[in-house]
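Working notes for the structure below.
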Amino acid sequence: MNTFGSLFRITTFGESHGPGIGVIIDGCPAGLPITAEEIQVALDRRRPGQSDLTTPRSEADRVEVQSGIFRDETTGTPISLYIRNQDQHSHDYSHIEHAYRPSHADFTYDQKYGRRDFRGGGRSSARETAARVAAGAVAQKLLDQHGIRVSSYVSQVGAVAVPVGYEQLDLGLIDSNPVRCPHPETAERMADLIRQVRDRHDTVGGYVTCVVQGVPAGLGEPVFDKLHSELGRAMLGINAVKGFEYGSGFSGVLLFGSEHNDAFYTDEAGQVRTRTNHSGGIQGGISNGQDIYFRVAFKPVATILQSQQTINDQGEAISLAGRGRHDPCVLPRAVPIVDAMTALVLADMLLRARANRV
């Protein structure tokens with residue numbers, strides 16, 4: 001499917017080396033203040049060519065608002081956002097027209113459709129995520145009206161990890177360095193590692209951590225559309241994602257129930273709180289008013305500029321090396337994508353919550 005969401009719903013379209021990519025947003029309430037410039041801010045965080053740590057593909061990623069916004073407010077009708085491709089080097093991919101690149105979608109697309117667009121992977125390219133980021137900027141404006149803030153950052157590259165939890169970080173520093181890590185000392189080590197990996201024509205993966213603050217209690221559905229399952233679905237739908245955990249995640253298995261349970265209390269303002277937050281702000285699939293936090297694992301980028309053994313579409317063994325312009329580490333540019341997908345899930349849940357109570 002190319003559509004995501006229930007009430008706040010998006011449909012993306014376009015390919016990496018086609019004329020452009022875009023998104024249709026359906027279900028956004030009327031009267032939401034939003035400008036093309038605000039959408040552009042989000043796209044500028046994701047676009048290629050930002051620093052020496054990312055692909056040198058030079059795309060301005062200028063958003064064109066084609067419908068659904070009038071006088072800087074949403075009209076309630078479908079919003080169409082379009083981004084033109086301008087710096088495609090399709091010739092870089094002529095050598096893989098019949099080859100199956102290791103860990104790419106070449107073979108699986110051939111099996112599913114009987115054909116594939118080999119230019120940059122076509123629809124399977126992470127280029128498509130620019131459309132999600134544009135839509136996420138609109139969703140974030142809806143969250144702003146409810147005081148909900150989404151903050152994602154790079155928490156680990158390879159074996160280099162931020163040594164403290166998000167509570168001890170200044171999340172305002174996320175964009176202070178090209179790695180998008182709010183721990184300056186660790187950010188420098190991460191950048192050094194990415195450069196080393198790039199220089200030996202390899203790639204490296206890691207983790208993006210996301211923190212959502214200001215979420216009211218009561219968002220999410222009790223059975224199939226639990227809030228954490230929708231967040232997991234959103235994250236696992238991002239290119240190169242291999243894992244998702246929220247709250248205590250897999251480390252929670254090391255605790256006993258008496259250690260893991262989050263005890264409730266009433267604070268001085270009369271608000272229900274929990275003394276710990278192993279639940280990650282979600283219990284029974286529904287937000288409990290605490291911070292929501294989760295971690296997303298990204299694999300090393302599959303395209304490497306080294307010779308590898310594979311086969312072609314005739315089943316013949318061949319040797320293949322990547323060409324073109326690719327990220328040595330996807331994490332810095334993945335941060336706004338995680339932000340966007342999180343905002344889309346929460347915007348949808350906010351609209352759904354309106355139907356749950358009179």
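- Of all heavy-atom pairs between Q156 and L331, the closest is O-CD1, 3.4 Å.
- The shortest non-hydrogen separation linking C210 to V338 is CB-CG1, 4.0 Å.
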Subject >> side-chain contact (heavy atoms from CB on, under 4.5 Å) between Q140 and L143, worked out >> reply: CA-CA 5 Å; Q140 182 58 56; L143 301 188; 3.7 Å; yes
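- Between F294 and Y246, the ring centre distance reaches or exceeds 6.0 Å.
- Among all heavy-atom pairs drawn from H278 and D262, the shortest one is N-OD1, 2.9 Å.
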**OP:** Please assess H104 against S124 for the test side-chain contact (heavy atoms from CB on, under 4.5 Å), listing each intermediate value before the final yes or no.
**Re:** CA-CA 9 Å; H104 282 77; S124 68; over 6 Å; no
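- With a 4.5 Å cut-off on side-chain heavy atoms, R273 and T266 do not count as touching.
- Side-chain contact between I174 and S151 is present, with at least one heavy-atom pair separated by less than 4.5 Å.
- A salt bridge links R352 with D225: at least one charged nitrogen is closer than 4.0 Å to a carboxylate oxygen.
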Subject >> side-chain hydrogen bond (donor to acceptor under 3.5 Å, both in side chains) evaluation trace for N288 with Q283 >> reply: CA-CA 6 Å; N288 66 3; Q283 293 169 327; 3.2 Å; yes
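- Smallest separation of non-hydrogen atoms from A347 and L142: CB-CD2, 3.9 Å.
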Original post:
Going through the checks in order, is the side-chain hydrogen bond (donor to acceptor under 3.5 Å, both in side chains) test met by S152 and D339?
Top reply: CA-CA 6 Å; S152 302; D339 282 346; 2.6 Å; yes
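- The pair E185-R189 does not count as a salt bridge, with every side-chain nitrogen at least 4.0 angstrom from each carboxylate oxygen.
- Heavy atoms from other residues, nucleotides or ligands lying under 6.0 Å from CD of E188 number 12 at most.
- Using a 3.5 Å distance cut-off with no hydrogens or angles, the side chains of E316 and N312 do pair a donor with an acceptor.
- A donor-acceptor contact shorter than 3.5 Å links the side chain of R9 to the backbone of S6.
- Taking 4.5 Å as the limit, some side-chain heavy atom of T342 sits within range of a side-chain heavy atom of V212.
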**OP:** Starting from the C-alpha separation in whole Å, work towards a yes-or-no answer on side-chain contact (heavy atoms from CB on, under 4.5 Å) for V296 and I238.
**Re:** CA-CA 10 Å; V296 187; I238 299 173; 5.7 Å; no
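- Side chain of T203 to main chain of P328: no donor-acceptor pair is present (N/O by atom type, distance under 3.5 Å, no hydrogens or angles).
- Judged by distance alone, the side chain of S287 and the main-chain N or O of L227 form no donor-acceptor pair under 3.5 Å.
- Using a 4.0 Å cut-off between charged side-chain N and carboxylate O, R198 and D327 make no salt bridge.
- The shortest side-chain heavy-atom distance between I25 and F8 falls under the 4.5 Å cut-off.
- Environment of CZ in F13: crowded, with over 12 heavy atoms of neighbouring residues, nucleotides or ligands closer than 6.0 Å.
- The hydrophobic cluster containing I286 does not contain V272, counting ILVMFWY residues as joined when their side-chain heavy atoms lie under 4.5 angstrom apart, directly or transitively.
- Two residues are said to be in side-chain contact when any heavy atoms from C-beta on lie closer than 4.5 Å; H146 and L350 meet this criterion.
- When side chains are defined from C-beta on, R132 does not count as touching V23, because their heavy atoms never get closer than 4.5 Å.
- Using a cutoff of 4.0 Å between basic side-chain nitrogens and carboxylate oxygens, E221 and K226 are not scored as salt-bridged.
- Across all non-hydrogen atoms, the minimal contact from S103 to K299 is O-NZ, 3.2 Å.
- The aromatic rings of Y166 and Y293 sit tilted, their planes meeting at an angle between 30° and 60°.
- Counting non-hydrogen atoms of neighbouring residues, nucleotides and ligands closer than 6.0 angstrom, the CZ atom of F224 reaches no more than 12 such neighbours.
- Within a 6.0 Å sphere centred on CZ of R200, other residues, nucleotides and ligands contribute more than 12 heavy atoms.
- Of all the heavy atoms in A263 and T276, the pair that sits closest is N-OG1, 4.4 Å.
- By the 4.5 Å heavy-atom criterion applied to side chains, N2 and R123 are counted as neighbours.
- Side-chain N/O atoms of D44 and Q40 include a donor and acceptor closer than 3.5 Å.
- In this structure the side chain of C329 reaches within 4.5 angstrom of the side chain of V157, judged on heavy atoms.
- Proximity of the aromatic rings of F298 and Y207 is defined here by a centroid distance below 6.0 angstrom, and this criterion is not met.
- The backbone N or O of G31 sits less than 3.5 Å from a side-chain atom of T74, completing a donor-acceptor pair.
- Ion pairing of D61 with R127 is present here, as a side-chain N (NZ or NE/NH1/NH2) and a carboxylate O approach within less than 4.0 Å.
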**OP:** Evaluate the criterion side-chain contact (heavy atoms from CB on, under 4.5 Å) for residue pair D110 and R116; output intermediate values, then yes/no.
**Re:** CA-CA 6 Å; D110 256 358; R116 64 185 170 93; 3.7 Å; yes
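- Cluster annotation: I39 and I24 are assigned to distinct hydrophobic clusters (Ile/Leu/Val/Met/Phe/Trp/Tyr, side-chain heavy-atom contacts under 4.5 Å, transitive).
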